[in-house]
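The next block holds one structure in the form of structure tokens; read it before the comments.
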There are 2 protein chains.
Amino acid sequence: MTPRRRRGEELVSAIHKAVLAEVAEHGYAGTTYDGVAARAGTSKPVLYRRWPTKAAMVLDASLEASPGLTLPPDTGSLSGDLKAFLRTAQSMMERAGRQTLLSLLAELDRSAGESLRDLLFARGADIIEPLLDRARARGELGDSPLPPRVITLALNLVRHEVVIVGALTEETLDIIVDEIAVPLLTSRSLRGTPGSA
Amino acid sequence: MTPRRRRGEELVSAIHKAVLAEVAEHGYAGTTYDGVAARAGTSKPVLYRRWPTKAAMVLDASLEASPGLTLPPDTGSLSGDLKAFLRTAQSMMERAGRQTLLSLLAELDRSAGESLRDLLFARGADIIEPLLDRARARGELGDSPLPPRVITLALNLVRHEVVIVGALTEETLDIIVDEIAVPLLTSRSLRGTPGSA
DNA sequence: CCTCTAGGGAACGTTTCGTATCTTGCCTGG
DNA sequence: CCAGGCAAGATACGAAACGTTCCCTAGAGG
């Protein structure tokens, strides 16, 4: 037998793979340091040297596996663009797993939670902005600046449905876009953005 | 010494109280059957006879302690009414605790989760509807029926902020109401509810 | 070739879990 | 009022996971 001994990058990557496999097989709650160590062919001290908690370990593994959000191709309409984008956001969250996301949110403190924000929020506004620019170029939107919360509205609703409610059908996504997000974005720019005062 | 032995209602109530105290003191993750049994002056078998999991036990205790949502007094405007209502919803969720809510969402299966919906969703639409009726009576809204998702929009956003983001300032709540919910509710009724087609 | 770092094995005490067993207070029916 | 039974509460248990310690050694670098 050849007792090969992995190091650094190679080792970490193998551990991440083992973590994701354990989570997929036993769920987040059923994932243990012992189980990961066994599957990865390593030992607990190796894991504890790198991650102080299970949450941190699973988070790192999930982050590595996450494809990240990208700007979808132009579909010809704001509605279509938003739906395409939101679908990638949805699949990203569902890939990580609802139970896992909820557990990470519950267990990670504010400091470690910063990285989790990358997975869950992933600079969503930075992707939606270009979609709105496209829409403006088409004449779907006015030029008045939109409040940040209005921009991220649709993504926040998708996150709410996927993470808290636990389900997001195609139909619901259509409603979020066509009955809520798009009407608000366009009506705001057609009328004078009255504000609260 | 008088080894009084409590039964039924009285016992359950004492246990619930102990559960909430344990959660308040050690957090949801730090709450254990042993700890609850010790604090309640009972024993683990008594707990296991009633609740199969910690999540079910904490849920029951939280439900008993939750005041439930109520119709706020008329503030004279839809914006004011909505804010008053959403503040009670917020305080209800914050009373239960973010970590606790997230953990319960993560651990409860669909069947047991039904009760949790009472705590988190609590027939929100049933309370918002009367607020909208008031607004119609004032002439703030048209008569066209509003889609369900538009009605619960503000509550969903509040839930998202409190549970997922972990913070909801007065300022953010104002924005949700005045820049998102109210504009959408009113613009919808002023224009012909165009829909997606 | 030597050294030093870090991987990996093994075992430890502790905590919590979930259950089984037993005694006994207390409610109920006769 | 007494006899039965039901459930409270105490105790103890094995299993599992935790988090840590000790030690040995593969393998990278000088």
Side-chain angles (χ1 to χ4, degrees), chain A residues 1-61 99-100 103-104 106-109 112, chain B residues 1-61 99-100 103-104 106-109 112:
Chain A
M1 62 178 292
T2 25
R4 244 189 40 77
R5 190 173 285 190
R6 299 154 299 180
R7 302 230 162 192
E9 196 85 10
E10 181 192 4
L11 176 60
V12 171
S13 182
I15 293 172
H16 282 167
K17 206 178 138 195
V19 168
L20 295 177
E22 285 288 304
V23 170
E25 191 167 333
H26 305 115
Y28 178 86
T31 298
T32 64
Y33 274 91
D34 295 87
V36 171
R39 187 187 286 258
T42 181
S43 64
K44 281 196 294 174
V46 172
L47 303 182
Y48 277 106
R49 266 173 221 143
R50 293 170 204 275
W51 301 281
T53 64
K54 177 170 79 167
M57 181 169 65
V58 173
L59 174 59
D60 273 10
Q99 190 202 24
T100 302
S103 301
L104 292 182
E107 292 178 26
L108 289 174
D109 52 20
Chain B
M1 63 178 290
T2 26
R4 242 184 47 73
R5 190 173 284 189
R6 299 155 299 182
R7 303 228 161 195
E9 197 85 9
E10 180 193 3
L11 176 60
V12 171
S13 183
I15 293 172
H16 281 168
K17 206 177 137 194
V19 169
L20 296 177
E22 285 288 303
V23 170
E25 190 168 332
H26 305 115
Y28 178 87
T31 299
T32 65
Y33 274 91
D34 295 87
V36 171
R39 187 186 286 257
T42 182
S43 65
K44 280 195 296 173
V46 173
L47 303 182
Y48 277 105
R49 266 172 220 143
R50 291 169 205 276
W51 300 281
T53 63
K54 178 170 80 169
M57 183 170 64
V58 173
L59 174 60
D60 273 9
Q99 191 202 24
T100 301
S103 301
L104 291 181
E107 292 177 26
L108 289 174
D109 51 21

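Nothing here was measured: the structure is a model prediction, and the numbers come from that model. Chain letters run A, B, ... following the sequence lines, proteins first and then strands; every chain starts at 1.
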Is a salt bridge present between A:E10 and A:R4, judged by a nitrogen-to-oxygen distance below 4.0 Å? yes
Over how many whole Å does the gap from [X] atom [atom1] to [N] atom [atom2] extend?
| X | N | atom1 | atom2 | value |
| --- | --- | --- | --- | --- |
| B:Y33 | D:dA10 | OH | P | 18 Å |
| B:D34 | D:dC18 | CG | P | 17 Å |
| A:E10 | D:dA26 | CD | C1' | 13 Å |
| A:E9 | C:dA6 | CD | C1' | 16 Å |
| A:L47 | C:dG8 | CG | C1' | 11 Å |

Nearest of [options] to any side-chain atom of [X]?
| X | options | answer |
| --- | --- | --- |
| A:R7 | C:dT5, C:dG9, C:dA11 | C:dT5 |
| A:R5 | C:dG25, C:dC17, C:dG7 | C:dG7 |
| B:L11 | D:dC18, D:dA8, C:dG9 | D:dA8 |

Check whether any side-chain heavy atom of [X] sits under 4.5 Å from a side-chain heavy atom of [Y], and report yes or no.
| X | Y | result |
| --- | --- | --- |
| A:V12 | A:R50 | yes |
| A:P45 | A:R49 | yes |
| B:V19 | B:D60 | no |
| B:R6 | B:T42 | yes |

B:R6 near the nucleic acid: base, sugar-phosphate alone, or nothing, with a heavy-atom cut-off under 4.0 Å? sugar-phosphate
Within less than 4.0 Å of OP1 or OP2 of [N], is there a side-chain N or O belonging to [X]?
| X | N | value |
| --- | --- | --- |
| B:T42 | D:dA8 | no |
| B:R49 | D:dA8 | yes |
| B:R50 | D:dA8 | yes |
| A:S43 | C:dG9 | no |
| B:Y48 | C:dG18 | yes |

Result for 5'-nearest mapping on DNA chain D, choosing between B:G41 and A:T32, is B:G41
Record whether the side chain of A:K44 comes under 3.5 Å of the base of C:dG8 through a donor-acceptor pair of N or O atoms. no
